[in-house]
Protein chains: 2
Amino acid sequence: MTALHLKTAEIEKATHSDFFNIAVSVDCVIFGYAEKQLKVLLIKSDLEEFKGMWSLLGDLVRINEDLQEAPYRVLLDRTGLKDVYLEQVHTFGSINRHPSGRVVTTAYYSLINLCNHQPKQMENEVHWHPVNEIQKLAFDHKLILDTCLAQLREKIMEHPIVFNLLGEKFSLRQLQDLYEAILGVELDRRNFRKRITLKNWLVDLNEMEEDVPHRPGKLYKLRTQLKKEYQVAQKQNLEGTLV
Amino acid sequence: MTALHLKTAEIEKATHSDFFNIAVSVDCVIFGYAEKQLKVLLIKSDLEEFKGMWSLLGDLVRINEDLQEAPYRVLLDRTGLKDVYLEQVHTFGSINRHPSGRVVTTAYYSLINLCNHQPKQMENEVHWHPVNEIQKLAFDHKLILDTCLAQLREKIMEHPIVFNLLGEKFSLRQLQDLYEAILGVELDRRNFRKRITLKNWLVDLNEMEEDVPHRPGKLYKLRTQLKKEYQVAQKQNLEGTLV
DNA sequence: ATACATTATGTACTTTAAACACATTATAGC
DNA sequence: GCTATAATGTGTTTAAAGTACATAATGTAT
């Protein structure tokens, strides 16, 4: 008879470490976008075994918080961002994935608007890294990053989620640059425009780009309806620095 | 400073229950196919709180096994099947999802050939249930089932995985019945044939159905190449009862 | 033999995707 | 101011894939 089929009274009598012998953590692949590059927020690992290497932001799940709330807490603590877009991707649980003990970790990726949020990010050895320049990371975090990136790539053509990486207003060129940065391929400008406009995700703002060294493009925003559904207002920043 | 950033020496000094206070389990949504219905293998819950209700097959992850091995062990123990097709879907970790304590569970679905494997299944209050007749289950298992079914539905048109639910040889009608059972919709026979044959998944065996009360259809099998990639030989049964 | 059910195959129409051409509107240099 | 340049905005053409629907072929049952 296995532990899960014990009755409550029995499970309480059992030795604590019989059941609670694996730690549970979350790791966040925090994606940002700047300089036409997809970036990920990393922290210097302070474990001896991974001295000098970079790792994802993560933490143990607390006894009094839901699993799905843990990544929100990690993001709030480390970046000051609230209500970001988060998606669970996969749970990694190889025996020796963490040198300090048995830790099973659930990976989430999040999409945040890098432009609006510079202040808190540089503290504590936390830095943005271009995704395609990352060769290896501490723990199994490179695998986790690759898994999250693959899932992100699969999702972006069907669901309007990349707008979490952009400002409120953007041109189609900016949007295409973003898609190209994520997918790692070049896209045909005319076909891209057609695919996007057919999805009816965007609203033409009847405004033009300003201060660009070429012919200004029209500005668009994500439809309000979809914004509610797929995009999360970054309240903290909206009430502060944002337009 | 959080636990994950403690150095190894420090983590060992800390109280055990500071870190290992959440149990980790796996739950398996075991899909089978019979009588033109998609079925799932369930067990009678023996927890007081869910007396008389059905639940998924699951177990705590052991300290000396990888997370991804745990569902294989559960399937081997409960059904006797080895090398089945398994896919991780999602991890559920709400605080109160398990009445006996804090348990985070990772859900997997598996596809097994129900025809080849009758012997061990009936022991221990384990039964097959038609998926579309299931109203509620113990714990959050109905949510887990729905999540796995949704993921299965998304995957089957792009990846040749449903063949794990069928025997070696099958007619296009049998294959269509299976797709209809999984998707819960009726499909046009002629268009279905076209879509499947365009994918180049099948090999025409130049054999016909036998003992059917109508005109026999051609028999096909999954291409060997794909079988290696997506389908796992059910060794135990292949060496025993199977053709 | 005939009626009937099921398999097997084909055709026309629509939608989607890919490759490519051209006109428009701004900046920059002269 | 004029022109070259570079980016934006809008097409067309062609092929591929998806949908709706029709017909012929092959078996069983009466």
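Chain identifiers are assigned alphabetically (A, B, ...) following the order of the sequence lines, protein sequences preceding nucleic acid strands; residue numbering begins at 1 within each chain.
- OP1 or OP2 of D/dG9 sits under 4.0 Å from a side-chain N or O of A/R193.
- Separating the CG atom of B/N191 from the C1' atom of D/dA16 is a distance of 15 Å, rounded to the nearest angstrom.
- Atom P of nucleotide C/dT6 and atom CD of B/E209 are separated by 12 Å, given to the nearest angstrom.
- Between the side chain of B/K194 and the base of D/dT19, at least one donor-acceptor pair of N or O atoms lies under 3.5 Å.
- Salt-bridge annotation for B/K227 and B/E168: present, with a side-chain N of the basic residue lying under 4.0 Å from a carboxylate O of the acidic one.
- Atom pair B/I196:CD1 and C/dT9:P shows a separation of 15 Å (rounding to whole Å applied).
- If you find the closest nucleotide of DNA chain C to A/D188 and to A/R215, the one lying nearer the 5' end belongs to A/D188.
- Between B/L198 atom CG and C/dT16 atom P there is a gap of 18 Å when expressed in whole angstrom units.
- Closest approach of B/D188 to B/Q176, counting heavy atoms only: C-NE2, 4.1 Å.
- A pairwise comparison of heavy atoms in B/S55 and B/H141 identifies CB-ND1, 3.4 Å as the closest pair.
- Distance A/E210 CD to D/dA7 P: 20 Å, rounded to the nearest Å.
- B/F192 places its CZ atom 18 Å from the C1' atom of D/dA20, with the value rounded to the nearest Å.
- Using a distance-only test at 3.5 Å, with no hydrogens or angles considered, no donor-acceptor pair links the side chain of B/Q88 to the main chain of A/H90.
- Of all nucleotides listed (D/dG18, C/dT7, C/dA18), D/dG18 comes nearest to the side chain of B/R195.
- No option in B/V104, B/L143, B/D140 other than B/D140 meets the side-chain contact (heavy atoms from CB on, under 4.5 Å) test with B/R97.
- As a whole-Å value, the separation of B/M208 CE from C/dA8 C1' is 9 Å.
- For the segment residues 170-178 of chain B, residues with any heavy atom less than 4.0 angstrom from an atom of DNA chain C are, sorted by number, B/R173.
- Within 4.0 Å (heavy atoms only), B/K218 reaches sugar-phosphate atoms of the nucleic acid but no base atom.
- Remark: A/N191 pairs with no residue by the side-chain hydrogen bond (donor to acceptor under 3.5 Å, both in side chains) rule, at least two apart or across chains.
- A/K199 has its NZ atom 11 Å from the C1' atom of C/dA17, to the nearest Å.
- Between B/Y109 and B/I161 the shortest heavy-atom distance is OH-CD1, 3.7 Å.
- Nearer the 5' end of DNA chain C, as judged by each residue's closest nucleotide, is the contact made by B/Y220, out of B/Y220 and A/R190.
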